[in-house]
Amino acid sequence: MPLSLPFVRAFRIVRDLLDKEVIMHIYRTHTCGALRKEQAGLEVRLSGWVFRKRDHGQLLFIDLRDHYGLTQIVVYPESPFFEDCQKLRLETVITVTGQVKMREPETVNPGLPTGEIELVAATFSVQGSCEPLPLYLSGTEEEAGPEETRLKYRYLDLRRDTLHRNILLRSSVIASLRRRMIGHGFNEFQTPILTSSSPEGARDYLVPSRVHPGKFYALPQAPQQFKQLLMIAGFDRYFQIAPCFRDEDARADRSPGEFYQLDIEMSFVTQEDVFAVVEDVIHGVFTEFSRQAADKPPFRRIAYQDAMLHYGSDKPDLRNPILIQDVGDVFKDTGFKVFRSVMEKGGVVRAIPVKGIAGQPRSFFDKLVEHAQSIGAGGLAYLVWGPEGVKGPLAKFMTPAEGEKLVAKCGVGTGDVVFFVCDQEKNASRIAGDIRTKLGRDLDLLEKNVYRFCWIVDFPMFETDEETGQLAFSHNPFSMPQGGMDALMTQDPLTIKAFQYDIVCNGTELSSGAIRNHSQDVMVKAFELAGYTREDVESKFPALFQAFKFGAPPHGGIAPGVDRMVMLLAGESNIREVIAFPMNQKAQDLMMGAPATVTEKQLRELHVKVNLPQPKKEPGV
RNA sequence: GGGGGCGUAGCUCAAUGGUUAGAGUCCCAGAUUGUCGAUCUGGUUGUUGCGGGUUCGAAUCCCGUCGCUCCCGCCA
């Protein structure tokens, strides 16, 4: 059917108009970060948010902001819309058309990339009006408002410069990780989000099945088994920016519910092969996105046992110069009864040497002793190497020979102090580690502007469960025990180490990984030691159990936390500052109102009946 | 599940158990021609989280409770 004449005529009119306007997009010809003195004289159109307004009565400045930057708009009182602009509320979305003008030299703003020019408004329109804001957007993070409000109005908070840049940094980091992994010959995979519950590990998020009454999917805590199965499928090198779901309580550096890992798995590799890839990728990303110095590969390797001894932690902050020492041999014949009796019961003595703090006032030492007691230490002895010799509560029990040994072991001299923790080994490590961290922080001893990386290696395969006294996996049950089947058959299980490793940056654990066990026999034996029967293993890990029978390659991997990496790169101490739409500490999304109740109909379809806990008693009844 | 901190105007915070709970900011009105967190003048804004108690009198002290946050537990 031919087009009617009126339609053709109308079409021509529209086309002619468009032709005239063809250089002018209806919203913008440039972004708010684009204009420079080179564009002076040009007729342009900008759209963005009214960030700030400076009203001089006969002259009005508007800072127009978009994703790309800020441009100063000038409105003169001759403009028919001058009064409308005076009344504009901040964060209104507007479109402004006009000429780019060079600023007078004395009015240039050197703090702004677009500070040499301004846009003189000739036409103006409102695209999106704005009510008074619940948040203050142009201030600092602290001025932004309470976190509850920030989370509820997250889309507003995300306009703030720091948060906006953090989210962009995250985007760039992830793009870079992908590029680097692909460069190392890895392929990216997707693995199921609706999967089955795994018996080990954290609590699962469950999803009821409509089709299978009474049955549930679980969201993956990590794609652990899938990535191993991809290795068995022969794909050789796997990676994924993988969402992981764990129903565990939050911390400042741990988002509740969900988080992302750079999940990696490789076939036919040793631990060192995994380290080489990860070191290259991590060092690359940290030097790409931060001006802070970052340790160059190879990163330090510290055996788990040494980490616990010298740092009192399996995630040591190497920026802290304090090195804990075992000084049991110094005190083996000590006259100090407290140490003696603890050591007779198998305890240890740990020394925490600190340089140059002999001049601290008495209150400093008293407060530290108090702190030590608050975290479960019996006490905190110390020696001060002052100008008039060695002093402190322990001094009168020390022989000159013991003093010399101590000086040699701890490398201390005049002006230095050594604190002593005496307890059973596990406690002594924990307390000494806590005090090391506290001293480092309180005395400002940490190296500045540097990322210190290390690998913690040789984790024990098993540990004793403190509640049950039973042998349990200390980390990942899929790890290869060092010594293989032989070790499982002949060694004391508590002495068996695993090819299990952590990568740590500035005291933050970025990731755990392992060379996996890929033999069914070893799997069964390892689980047997941890109290599982062959049938348990077969029913709980049906895929891996079967797959190990059909030609499984040796393989291993790791999964650095993406959120934590971005956190370190952004210099943020709270993980919510690097997540676009985070949940609060109680795992609620205040913006979307999740979790929420659902309708009876939905529950019926899912064959789910809600069994609520008893409501708490009303107060004052 | 346990412990600490916080809770006063939309927001940031102040207020010795004692006058009508204040200031900055936001918002509203006015002034203002070169600002860039513009400035100046004036104004509105309150269930002091909620519920009890002590007291002549409570934002303030006590008890409980709720919310947020940090930590412990938990996180193969």
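Naming convention: chains lettered A, B, ... in sequence-line order (proteins, then strands); numbering from 1 in each chain.
The side chain of A:Arg89 lies closest to B:C28, out of B:C28, B:C68, B:C75. Each of B:U32, B:G34, B:C70 was ranked by its minimum atom distance to the side chain of A:Leu59; first place goes to B:G34. In this structure, of B:A38, B:U33, B:G73, it is B:U33 that holds the atom nearest to the side chain of A:Gln58. The side chain of A:Leu90 has B:C27 as its nearest neighbour among B:C27, B:A38, B:G73. Minimum atom distance to the side chain of A:Arg254 is reached by B:C75, of the listed B:U32, B:C75, B:U35. Of the listed nucleotides (B:G73, B:U69, B:G34), B:G73 has the atom at the smallest distance from the side chain of A:Asp249.
For the side chain to side chain contact (heavy atoms under 4.5 Å, CB included) test, residues two or more places apart in sequence or in another chain that qualify with A:Asp442 are A:Lys438.
For B:C75, the base has no donor-acceptor partner in the side chain of A:Arg246 [N/O atoms by modelled type, under 3.5 angstrom].
The phosphate of B:C70 has OP1 or OP2 within less than 4.0 Å of a side-chain N or O from A:Asn574. Listed pair A:Arg54 / B:U35 fails the phosphate criterion, with no side-chain N or O lying under 4.0 Å from OP1 or OP2. For A:Lys53 and B:A38, the shortest distance from a side-chain N or O to OP1 or OP2 is not below 4.0 Å. Within the structure, a side-chain polar atom (N or O) of A:Arg251 is placed less than 4.0 Å from OP1 or OP2 of B:C72. A:Gln588 has a side-chain polar atom (N or O) that falls below the 4.0 Å cut-off from OP1 or OP2 of B:C68.
Taking the C1' atoms as reference points, B:G57 lies 33 Å from B:U25, given to the whole Å. Between B:U20 and B:U48, the distance separating the two C1' atoms is 15 Å to the nearest Å. The same atom, P, is picked in B:G3 and in B:U65; the two are 11 Å apart, to the nearest Å. With both ends at atom P, the span from B:A58 to B:A21 equals 13 Å, rounded to whole Å. Here the separation of B:U60 from B:G42, taken at their C1' atoms, is 33 Å to the nearest Å. Atom name C1', nucleotides B:G46 and B:C40: the rounded distance is 28 Å, in whole Å. To the nearest whole angstrom, the two P atoms, one in B:G49 and one in B:G30, are 36 Å apart. B:U54 sits 8 Å from B:C61 when the C1' atoms are compared, rounded to a whole Å.
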Give the table of side-chain donor-acceptor pairs shorter than 3.5 Å for residues 501-509 of chain A, with sequence neighbours excluded, one pair per line with atom names and distance.
{"residue": "A:Tyr501", "atom": "OH", "partner": "A:Ala514", "partner atom": "N", "Å": "3.4"}
{"residue": "A:Tyr501", "atom": "OH", "partner": "A:Ala514", "partner atom": "O", "Å": "3.2"}
{"residue": "A:Tyr501", "atom": "OH", "partner": "A:Gly557", "partner atom": "O", "Å": "2.9"}
{"residue": "A:Asp502", "atom": "OD1", "partner": "A:Ser512", "partner atom": "OG", "Å": "2.5"}
{"residue": "A:Asn506", "atom": "OD1", "partner": "A:Arg452", "partner atom": "N", "Å": "2.8"}
{"residue": "A:Asn506", "atom": "ND2", "partner": "A:Val450", "partner atom": "O", "Å": "3.0"}

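Smallest separation of non-hydrogen atoms from A:Thr92 and A:Ser129: CG2-CA, 4.0 Å. A pairwise comparison of heavy atoms in A:Ile232 and A:Ala552 identifies CG1-CB, 3.8 Å as the closest pair.
The stretch residues 96-115 of chain A touches RNA chain B through A:Arg103, A:Thr107, A:Val108, A:Asn109, each having a heavy atom under 4.0 angstrom from the strand. Non-hydrogen atoms lying under 4.0 Å from RNA chain B are contributed by A:Gln72, A:Tyr76, all within residues 68-76 of chain A. Heavy-atom distances under 4.0 Å link RNA chain B to A:Gln224 of residues 216-228 of chain A, given in residue order.
Note: CG (A:Leu590) to C1' (B:C66) measures 15 Å, nearest angstrom. Distance A:Glu91 CD to B:G10 P: 20 Å, rounded to the nearest Å. Between A:Glu116 atom CD and B:U35 atom P there is a gap of 17 Å when expressed in whole angstrom units. For the pair A:Arg52 CZ and B:U39 P, the computed distance is 11 Å after rounding to whole Å. The interatomic distance linking A:Gln585 (CD) with B:C6 (P) rounds to 17 Å, in whole Å.
Separation of atoms CD (A:Glu118) and CD (A:Gln99) is listed at 11.5 Å; rounding is to 0.5 Å. Summarising the geometry, atom CG belonging to A:Asp157 is positioned 14.0 Å from atom NZ belonging to A:Lys152; distances are rounded to the nearest 0.5 Å.
RNA chain B forms stems at B:1-7 with B:66-72, B:10-13 with B:22-25, B:27-31 with B:39-43, B:49-53 with B:61-65, each a run of 3 or more consecutive Watson-Crick or G-U wobble pairs whose two key distances fall under 3.5 Å.
Sequence order on RNA chain B of the closest nucleotides to A:Asp63 and A:Glu78 puts A:Glu78 first from the 5' end. Along RNA chain B, the nucleotide nearest A:Asn584 and the nucleotide nearest A:Phe478 are compared for position; the residue whose nucleotide lies closer to the 5' end is A:Asn584.
Residue contacts shown for A:Glu118 include a base, since a base heavy atom lies under 4.0 Å away. Nucleic acid contact for A:Asn476: sugar-phosphate only, since backbone atoms but no base atoms lie under 4.0 Å from a heavy atom of the residue. Contacts of A:Arg576 with the nucleic acid, taken as non-hydrogen atoms under 4.0 Å apart, involve only primed sugar atoms and P, OP1 or OP2. A:Asp247 comes within 4.0 angstrom of no nucleic acid atom, judged by non-hydrogen atoms across all strands. Using a 4.0 Å heavy-atom distance criterion, A:Gln86 is classed as a base contact.
Salt bridge A:Arg430/A:Asp434: absent, no basic N to carboxylate O contact under 4.0 Å.
Both thresholds, 5.5 Å between centres and 30° between ring planes, are not jointly met by A:His56 relative to the base of B:G34, so the two rings are not stacked.
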So A:Phe459 and A:Tyr304, ring pair (Phe, Tyr, Trp, His ring centres under 6.0 Å) or not? Walk me through it.
CA-CA 5 Å; A:Phe459 277 84; A:Tyr304 171 81; 5.0 Å; yes
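Relative orientation of the A:Phe527 and A:Phe478 rings is tilted, given thresholds of 30° and 60° on the angle between their planes.
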